[in-house]
Each structure stands twice: as C-alpha cells, then as structure tokens.
Number of protein chains: 2
Amino acid sequence: MLTIRDIAAKAGVSVSTASRALNNNPRISQATRERIQALAEAEGYLPNYNAKNLTAGEANAVGVVFPTADHSQPENPFYIDLLRGINSQLTQRHYVLSVAISKTADELLENVKSMVAQGKIKRFVLMYAHHDDPIAAFLRQQKLRFVTIGQPDDHPSDYFVDNDNLEAGIGGATYLLDQLHVKHPVFVESSHNWAYEQQRRQGYERVAATFNVEPLTCKLGELNRVRLFIKQHPEIDGIMATDDFNAIEFYRLVREQSAVKHFPIVSFNHSLPEGLTDANLHSINLFPEKMGSATVALLFSDREPLATPTPGRIKIPYEIK
Amino acid sequence: MLTIRDIAAKAGVSVSTASRALNNNPRISQATRERIQALAEAEGYLPNYNAKNLTAGEANAVGVVFPTADHSQPENPFYIDLLRGINSQLTQRHYVLSVAISKTADELLENVKSMVAQGKIKRFVLMYAHHDDPIAAFLRQQKLRFVTIGQPDDHPSDYFVDNDNLEAGIGGATYLLDQLHVKHPVFVESSHNWAYEQQRRQGYERVAATFNVEPLTCKLGELNRVRLFIKQHPEIDGIMATDDFNAIEFYRLVREQSAVKHFPIVSFNHSLPEGLTDANLHSINLFPEKMGSATVALLFSDREPLATPTPGRIKIPYEIK
DNA sequence: CTGTTAGCGCGTTCAC
DNA sequence: GTGAACGCGCTAACAG
C-alpha cells in the first residue's frame with residue numbers, strides 16, 4: 001500500500017510537508033504544493049481514512065437514520081431517492097454513508113449511539129421530523145450536527161431541509177381547479193396528522209377559498225367510514241392527496257361506487273411506477289435527490305459556508321408534471 | 001473519552017493485559033479476564049473503532065451496493081427490508097452498514113473503489129446478481145469477500161443468498177390453480193429477462209403441465225402489444241406475475257377491456273401497501289429481512305462457520321399469504 | 001516555509 | 001501469565 005511516507009520520499013520532502021501539501025495547508029508554497037499533489041496523483045496515492053479518522057477523532061461517515069415503520073413508511077421510494085441525493089454529495093467529500101435502520105425505536109437509538117461512541121460519527125441525517133424524537137434529543141445533548149428532512153416543529157433551531165409544502169399545496173390545488181377544471185375537490189390525507197400533510201392541506205384550503213369552493217377533507221383509515229364519506233359526497237369530481245398511495249387508495253373506493261369518467265388527481269411524491277393505475281394522476285415532484293444534496297450542504301455548512309439566504313433551513317422547489 | 005489505558009489502570013494491570021482480556025485472548029487467566037471485562041462493562045468502556053480499524057487494516061463496515069435503475073428497480077421496498085435485515089445482523093457484530101448507491105454504473109464503481117482503497121472496507125453485499133457486473137469483477141480481482149442477492153449464473157463459485165424461485169414458482173402456480181381454481185392462468189413478467197423471473201416461470205410451466213393447461217406467458221412493455229395480447233386471450237381468468245407491480249399493471253389492462261369478477265392474482269414480494277388495489281392479490285412473501293440476515297451470516301462465514309448444509313449459498317423459504 | 005518529534009488508541013510482537 | 005515497547009498512517013506541536 002502506498003503511504004504518505006512513500007510519496008514524501010519520492011518527492012524528497014519530509015512527511016509533514018507532504019501531509020500539509022496534500023491538505024492544502026497555506027503554509028506550504030504554491031510550487032511544492034502543486035508538485036506534491038501532482039506526484040501523489042500520478043503515483044495513485046490515496047490516503048488511508050482509518051488513520052486520518054484516528055487523528056481527527058472523527059470518522060469520515062455520516063449516519064443516515066431511517067424512520068421506523070410506526071412513524072412513517074420507510075418503504076416509500078422517496079427514501080431511496082433521498083439516499084441517492086445524499087450519497088452523491090458525500091462521495092464528493094470522501095465521506096461514506098452509514099445507515100441506521102431498524103424496526104423499533106429502541107434498537108434504532110442503540111444503533112445511533114454505537115455509531116457515535118465507537119465509530120466517532122459526528123454528523124447525522126434524520127430522514128424524518130418527529131415530535132419528541134429520542135434520537136434527535138440524544139444528538140442535541142451530545143452536541144452533534146444533524147439535519148432533519150422536514151421541519152421539526154418542536155425545535156425550531158434545528159437544521160432542516162424541506163419543501164415548501166404550503167406553497168406546493170397551493171400550487172397543486174390551483175392546478176387541480178384551474179387547469180384540470182375540477183369543481184368539487186376533496187383533500188385526502190392519512191390518519192397520522194403529519195406536519196407536511198397539514199401544510200399541504202392549508203395550501204389546498206386557501207385555494208379553495210379563492211375559488212369559492214367548500215373545502216372538504218377525508219382522512220383515510222377504516223374503510224367503511226371512507227366508503228360512507230364517499231357516498232355522502234357524490235359531488236366529488238377530483239382528488240388532491242398527500243401522497244400517491246393515499247390518492248390511489250381513495251380513488252379505488254370511489255370507483256367501487258361509481259364508474260366516473262373525468263376524475264383528475266393531484267398528489268405528491270411521484271412514487272408509483274408508470275402504468276400502475278388508470279387514474280389521471282398528476283404527481284407533484286418534490287425532488288428528493290435535490291433534498292438529499294441540500295441536506296449534505298447544510299450538514300457541512302460549518303466547513304463550507306453556503307450561499308443561501310436562510311442558513312439553517314433550505315427549501316426545495318416542486319414541480320407538477 | 002474512556003480508553004483502554006483507563007480501564008487497565010483501574011484494574012491495576014498493563015494495557016496489553018487489558019487488551020488481551022477484552023479480546024478473549026486465551027493466554028489470560030479466566031479470572032482476570034472476567035474481572036477486566038466486568039470492569040470495562042461497568043465503566044462503560046467502548047473501544048474506539050477508528051483505532052481498531054487502523055491496526056486491523058480493515059474497517060468495521062460492510063459496503064452494501066444498490067442496483068442501478070437501469071438494471072433493476074432500486075425503489076422497490078424489497079431493498080429497504082433487505083437493508084433492515086442486513087443491518088440488524090451488522091450492529092450485533094459492531095459493524096456499520098455503508099451504502100453505495102448511484103444513478104450510473106460508473107459512479108457506483110468509483111464509489112466502491114474508494115470504499116476499498118481509502119476506507120479499507122473489505123466485505124460487500126451486492127443487492128443484485130447481474131451478468132458481467134463490473135463491481136463483482138473488481139471485488140473478485142481484489143480478493144474481497146462479497147455476497148450477492150440472487151444467484152449469479154455466470155460465476156457459480158460466488159457466495160449468494162437467494163430464494164428458491166423455482167420452488168416458489170411451483171408453489172405459487174399450484175396455489176393459483178388448485179386453491180384459487182383458475183383454469184387459464186397467464187404468466188406475466190417484465191421485459192428484462194431477469195434470472196429470477198425465468199426460474200419462477202419454469203415453476204409455473206411445470207405446474208401448468210401437471211394440470212394439463214397450456215402455459216401462456218406475456219412480457220410487459222409496449223402497451224398496445226399487451227392490449228392485443230389480452231384481446232387475443234379472452235379465456236384468461238387469473239394471473240401469475242413475477243412482481244406485484246407487474247401484476248397490477250397487467251390487471252389494469254385486463255380491466256380496461258372487460259369487467260371481470262373472479263380474477264385471482266398470485267405475485268411476489270408483498271410490496272404494495274394494503275388497500276391500493278381491488279385486485280384479489282396474493283403476494284408471495286420472500287422474507288427479505290431473513291435474506292438480509294442470511295447474507296451477513298454468509299459474509300462472515302470465514303470467522304463464524306455456519307451450520308448450513310450448503311456453505312456458500314443459502315436459500316430462504318417463501319410463504320403465500 | 002520546511003523538518004523533527006510526539007502522539008491518536010489499539011493490537012501485537014518480544015521479552016520476562 | 002503478564003508487562004514494556006513498537007508500529008499502524010497520519011496530523012499537529014514545536015523547532016529552525
């Protein structure tokens with residue numbers, strides 16, 4: 001294995017000079033710095049990160065924490081795209097992505113704790129934003145850097161990356177009413193009262209007010225209750241849902257009762273493969289990969305100041321397709 | 001931070017004795033070994049894995065490689081479950097799960113290479129099994145340990161974990177014909193010719209022969225071709241598909257042409273949320289979490305010999321629900 | 001600007 | 001059975 005001593009020897013300098021040159025230490029002259037970097041490049045030298053980590057006291061790894069199934073739906077493709085966005089940025093920084101994923105919250109916390117204690121991981125991404133999250137609490141207490149996906153409403157000073165869900169709700173509802181000519185839209189959400197759902201609903205309600213239509217909301221859950229809801233609202237001619245899956249589930253129940261023709265749907269996440277449904281589905285793309293990239297930018301903003309107007313929180317735009 | 005010197009001091013022994021005691025070195029007497037381990041436990045000592053990795057020349061991390069989108073569908077929830085199964089085993093071994101995920105195969109290979117060169121990761125899981133995979137080739141050449149998910153038909157000596165897709169195909173088809181009383185089943189597969197699809201199809205074909213029904217297969221792809229296929233086969237009264245998504249896509253096209261009543265479906269992976277479809281869907285559970293656990297067992301079988309009859313390949317059973 | 005030295009925390013010689 | 005000393009590869013403190 002090629003070590004720093006080897007390239008120091010070949011360059012005819014001491015090890016520390018080589019080290020400084022490779023790490024762009026300003027105390028090294030431009031000339032020798034470039035010479036050594038070129039040599040290292042030519043020789044194919046790669047630093048040993050285990051050694052680097054030992055001296056740095058910090059691993060070149062970011063812990064990425066999945067939500068548990070009771071809190072969210074970790075199976076959602078959204079998370080895979082997010083992962084990809086995060087990883088693309090991490091590899092550029094020579095960081096590695098370590099995941100913490102588990103069925104129970106307790107195991108998950110143990111997972112994170114051992115990452116911190118034994119592995120010296122000091123930066124984390126929580127792919128969710130929950131109230132009273134024990135993992136966030138632990139990271140805060142240890143004064144470790146972390147960024148959440150979604151706005152953590154109980155800890156406003158945390159770093160987070162989010163979509164502007166309110167605006168996306170407005171955009172989606174406007175599209176549904178204006179472009180798709182729906183007269184009696186229903187807003188469909190899960191039974192979980194997640195923050196992003198509420199924000200999207202607010203957007204919907206605002207637009208409804210503008211268009212002078214009565215806002216109507218249905219929470220999913222017990223099937224017969226939803227069926228009854230649909231029976232009581234035969235006027236519904238379009239859906240806005242918080243999620244593709246929710247949209248399809250509701251739509252299916254509508255179709256059970258009547259074969260409608262014109263029935264546009266606007267929902268979020270773009271998470272269903274093409275051809276899976278005959279619904280007229282317009283899914284709002286929230287660019288999970290971009291969110292992942294932005295997350296990493298925020299996570300490293302202590303080293304690489306970012307150019308955004310609002311440091312600490314980044315909003316990713318959306319797109320209706 | 002509590003180091004090994006601290007607990008050596010508290011135990012009144014030298015550092016090396018402490019180290020040996022903690023690593024169960026037989027040269028240490030049972031008594032002192034237990035005493036020191038108990039002390040370390042009590043004091044909450046945790047070894048620094050960065051230091052450990054440096055001396056060991058190997059990181060306590062396993063690289064887990066996602067397929068690229070052109071080869072498979074990384075968004076499939078299957079992979080999340082697999083991840084969870086892998087991680088649960090890794091945490092027990094004080095290992096960390098590092099993912100490699102990328103859009104392009106080139107980037108992915110770079111990702112893996114830097115994990116090896118810089119991070120000293122020496123064990124990998126490929127969550128796929130492709131022909132002529134450059135990553136597998138690289139790992140082989142570097143003589144690193146890796147396990148693939150699915151049988152790599154071009155390199156029979158590789159380690160892999162798989163389902164018995166043939167048997168699952170037989171079981172599923174039997175269930176469809178015998179329990180669900182389908183007379184004219186069609187086998188639906190993707191256009192990719194993946195190995196596991198062919199194996200499942202073989203199972204289907206065998207059962208078809210037994211039941212004296214003509215085997216019928218439809219590859220998905222161009223919609224109008226599939227529509228034509230359906231039109232030409234009005235006798236079809238049940239589906240066996242290689243995947244829940246494929247099943248639903250085909251079923252939708254069937255429904256386009258006629259409102260059928262009794263139309264059972266058997267497919268694989270159990271990857272759709274409940275309530276998403278009104279199809280009579282029986283999805284075969286392949287226990288991805290179990291596959292993940294087995295994968296790790298295989299990956300560490302050099303250290304912890306496994307009790308399976310066929311070392312090198314593990315088959316996970318299936319379940320029809 | 002550059003070289004010398006001393007650790008980082010651990011496992012592992014090699015002596016006793 | 002136990003301890004002292006060294007080295008893993010690299011960075012940082014102290015020199016010059």
Under-3.5 Å donor-acceptor pair between B/T17 side chain and D/dG3 base: no
Pair A/E41-A/Q37, side-chain donor/acceptor within less than 3.5 Å: no
Ionic contact status for A/E75 with B/R84, cut-off 4.0 Å: yes
Nucleic acid contacts of residues 41-63 of chain B, taken as heavy-atom distances under 4.0 Å to DNA chain D: B/L54, B/T55
Degree of bending, the helix from C/dC1-D/dG16 to C/dC16-D/dG1 (end axes from five pairs; round to 10°): 40°
Members of residues 18-34 of chain B that approach DNA chain D, where some heavy atom sits under 4.0 Å away: B/R20, B/R27, B/I28, B/S29, B/T32
Parallel, tilted or perpendicular, as decided by the 30° and 60° cut-offs, for the rings of A/Y79 and A/F66: tilted
Terminal contacting nucleotides, 5' and 3', DNA chain C versus chain A (heavy atom, 4.0 Å): C/dC1 to C/dG9
Proximity to DNA chain D (any heavy atom under 4.0 Å), residues of residues 7-14 of chain B only: B/V13, B/S14
Contact list for residues 122-137 of chain B, test salt bridge (Lys or Arg N to Asp or Glu O under 4.0 Å), sequence neighbours left out: B/E58-B/R123, B/R123-B/D302
Exam field: side chain A/T91 to backbone A/N87, donor-acceptor pair closer than 3.5 Å: yes
Separation of D/dG1 P from B/R35 CZ (nearest whole Å): 15 Å
Atom-to-atom span, CZ of B/R5 to P of D/dG3 - whole angstrom: 14 Å
Any B/Y196 side-chain heavy atom under 4.5 Å of B/N163 side chain: no
Approximate separation, where rounding is to 0.5 Å, of A/N111 CG and A/D106 CG: 12.0 Å
